[in-house]
Amino acid sequence: MAIRRAMSGGLMGRTAVLGERSMSSWWRSVEPAPKDPILGVTEAFLADPNPDKVNVGVGAYRDDNGKPVVLECVREAERRIAGYLNMEYLPMGGSVKMVEETLKLAYGENSELIKDRRIAAVQALSGTGACRLFADFQKRFRPDSQIYIPVPTWANHHNIWRDAQVPQKTYHYYHPESRGLDFATMMDDIKNAPNGSFFLLHACAHNPTGVDPTEEQWREISHQFKVKGHFAFFDMAYQGFASGDPEKDAKSIRIFLEDGHYIGIAQSYAKNMGLYGQRVGCLSVLCKDEKQAVAVKSQLQQLARPTYSNPPLHGALIVSTILGDPDLKKLWLKEVKVMADRIIGMRTALRGNLEKLGSPLSWQHITNQIGMFCYSGLTPEQVDRLTNEFHIYMTRNGRISMAGVTTGNVEYLANAIHEVTKSA
């Protein structure tokens, strides 16, 4: 009996060891993920003890003291919704009121498309969530398609369509020598793409370059899309934040609508309302008729269900309260223009300081570009010098977040840029 117990105990011990080894091997092949190039800049900035450090890497608005901003219209909306009756789930498609108001911004206040119920639209987890939801929709219903993405683009665009398993191709966009739009080559890529291709377009304030087509160029792009039967998916993360006028910033979309395109749009309130952490946005797809829109919306909701079930409530309440009240909307329009004008002013100041220093380079592109970012033309090596010698932090592609430039640091930034570029 004692022998059997000993043998049994030994067997159990060996089984336990084998089980432990098996369990410990479950995740043995998992390697640390590469650091996000943008978030890594912020981590390095926060770890730097130097009192003169400057962060022009973060894609979030700052006031002229370098502090985060909560708009007064947002504060007032929060006061009004405080003590909201309940915290029940939103429907899978999100807040109907928020979606209705959001569509008016993109398609027009008196859009016939909205009145005819031709737009399938759902609340999404900001712009990122809207893009991912569309990518999943594209994969499910056009499984043999691919997406054409501009070079360069916001890095997360590649992650989104890759993880949705949609093959990617690229098209020319930025012209490094002129620091502007490579329009001729871009048009060639549009013409040479297979008929009926999907293209990702930045509606305004292209990230990371700040380079947008002119109105006339948008009309040529729209015409060529019509000829080729391409589908345009617009990522509009900066409406109102680019020029200070939401109507002007939606011009590219309105041109495509005038030309009779069926399009998709991702909208976000992170930048133009400062609702970064609320993750509130919208995905819309323009359809042939109301019946098709109902079907498309049902499928978008079906895709959302196993992903996040339904979107969050608080941000949607803030947006619908602001846009649904004429006085609050007027205040928002005023405040978003203040943000845009400050960034435009910082562009002028940075260029002016560089020219005053006698820089041998042209910095005209700083003021030609628009929106939160300036694609400076700085090389990775020059960016490294800015960080190591001057404690100035930005992504290594030379993208400067103009939101991080203030009257207090613009001269220091210009001096540092001049120092690392004067012998170029």
Side-chain angles (χ1 to χ4, degrees), residues 39 58-62 67-107 119-134 154 156 160 203 205 207 234-241 246 249-250 265-284 297 300-301 303-305 307-336 339-340 372 403:
L39 300 182
V58 65
Y61 182 75
R62 299 290 183 262
K67 302 297 183 184
V69 173
V70 178
L71 301 184
E72 184 52 41
C73 63
V74 171
R75 291 293 193 209
E76 177 58 28
E78 288 200 304
R79 281 191 283 269
R80 294 186 188 184
I81 63 178
Y84 191 71
L85 288 177
N86 58 63
M87 294 293 169
E88 292 293 304
Y89 293 123
L90 284 173
M92 282 188 290
S95 164
V96 173
K97 180 66 174 174
M98 190 281 289
V99 169
E100 286 176 352
E101 295 296 338
T102 301
L103 292 181
K104 292 176 188 177
L105 283 180
Y107 294 85
I119 305 168
V122 296
Q123 182 182 334
L125 304 184
S126 203
T128 302
C131 286
R132 178 55 193 264
L133 198 55
F134 181 81
W154 179 48
N156 214 22
I160 290 165
N207 179 4
F234 287 94
D235 188 359
M236 185 160 60
Y238 298 95
Q239 186 181 9
F241 197 91
D249 292 346
I265 308 175
Q267 290 171 261
S268 166
Y269 290 102
K271 307 297 191 298
N272 59 13
M273 282 193 187
L275 299 177
Y276 302 96
Q278 298 295 342
R279 313 311 297 146
V280 57
C282 181
L283 168 63
S284 61
K297 181 178 178 180
L300 294 176
Q301 292 178 152
L303 286 164
R305 176 63 171 158
T307 309
Y308 54 84
S309 199
N310 37 50
L313 173 66
H314 190 71
L317 285 173
I318 293 173
V319 172
S320 59
T321 301
I322 291 170
L323 297 182
D325 181 277
D327 291 334
L328 279 185
K329 185 175 181 180
K330 184 177 179 181
L331 177 58
W332 170 64
L333 291 171
K334 177 182 176 182
E335 290 185 287
V336 77
M339 291 192 290
M372 181 172 283

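Keep in mind the model is a prediction, meaning the values are calculated, not measured. For the numbers below, each heavy atom of this structure counts, side chains included, while hydrogens, waters and symmetry mates do not.
Within the 4.5 Å cutoff, the side chain of W154 has heavy atoms near those of the T128 side chain. Using a 4.5 Å heavy-atom cutoff, the side chains of H314 and M87 are not in contact.
Heavy atoms only, all atoms of each residue included: Q239 and N272 are closest at O-ND2, 2.9 Å. The heavy-atom pair separating A266 from A130 by the smallest distance is CB-CB, 3.6 Å. Annotation for G240 and D249: closest pair N-OD2, 2.7 Å, computed over non-hydrogen atoms. Of all heavy-atom pairs spanning C282 and T102, the tightest one is CB-CG2, 3.6 Å. Nearest heavy atoms, A124 versus G129: CB-C, 4.1 Å. Considering every non-hydrogen atom in both F241 and V336, the closest pair reads N-CG2, 4.0 Å.
The distance from the CD1 atom of I160 to the CG atom of D235 is 7.5 Å, given to the nearest 0.5 Å. Taken from CD1 in I322 to CG in L275, the straight-line distance is 6.5 Å, to the nearest 0.5 Å. Between atom CG of residue L328 and atom CD of residue E72 there is a gap of 9.5 Å, rounded to the nearest 0.5 Å. The line from CG of D325 to OG of S320 is 11.0 Å long, rounded to the nearest 0.5 Å. Once rounded to the nearest 0.5 Å, the distance linking OH of Y308 with CZ of R132 reads 11.5 Å. Summarising the geometry, atom CE belonging to M273 is positioned 9.5 Å from atom CE belonging to M339; distances are rounded to the nearest 0.5 Å.
Neither side chain, Y89 nor S309, offers a donor N or O lying under 3.5 Å from an acceptor on the other.
With hydrogens and angles ignored, the 3.5 Å screen pairs no side-chain donor or acceptor of E101 with any backbone N or O of V319. Q123 places a side-chain N or O within 3.5 Å of a backbone atom of S95 that can act as its donor or acceptor partner. The closest donor-acceptor contact from the side chain of Y269 to the backbone of A316 lies at 3.5 Å or more, if one exists at all.
The side-chain contact (heavy atoms from CB on, under 4.5 Å) test with I318 singles out one residue from I81, L313, L323, and that residue is I81.
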- request: Begin with the C-alpha distance, continue with both residues' side-chain angles, and end with the deciding distance and a verdict on side chain to side chain contact (heavy atoms under 4.5 Å, CB included) for L331 and E76.
  value: CA-CA 10 Å; L331 177 58; E76 177 58 28; 5.5 Å; no
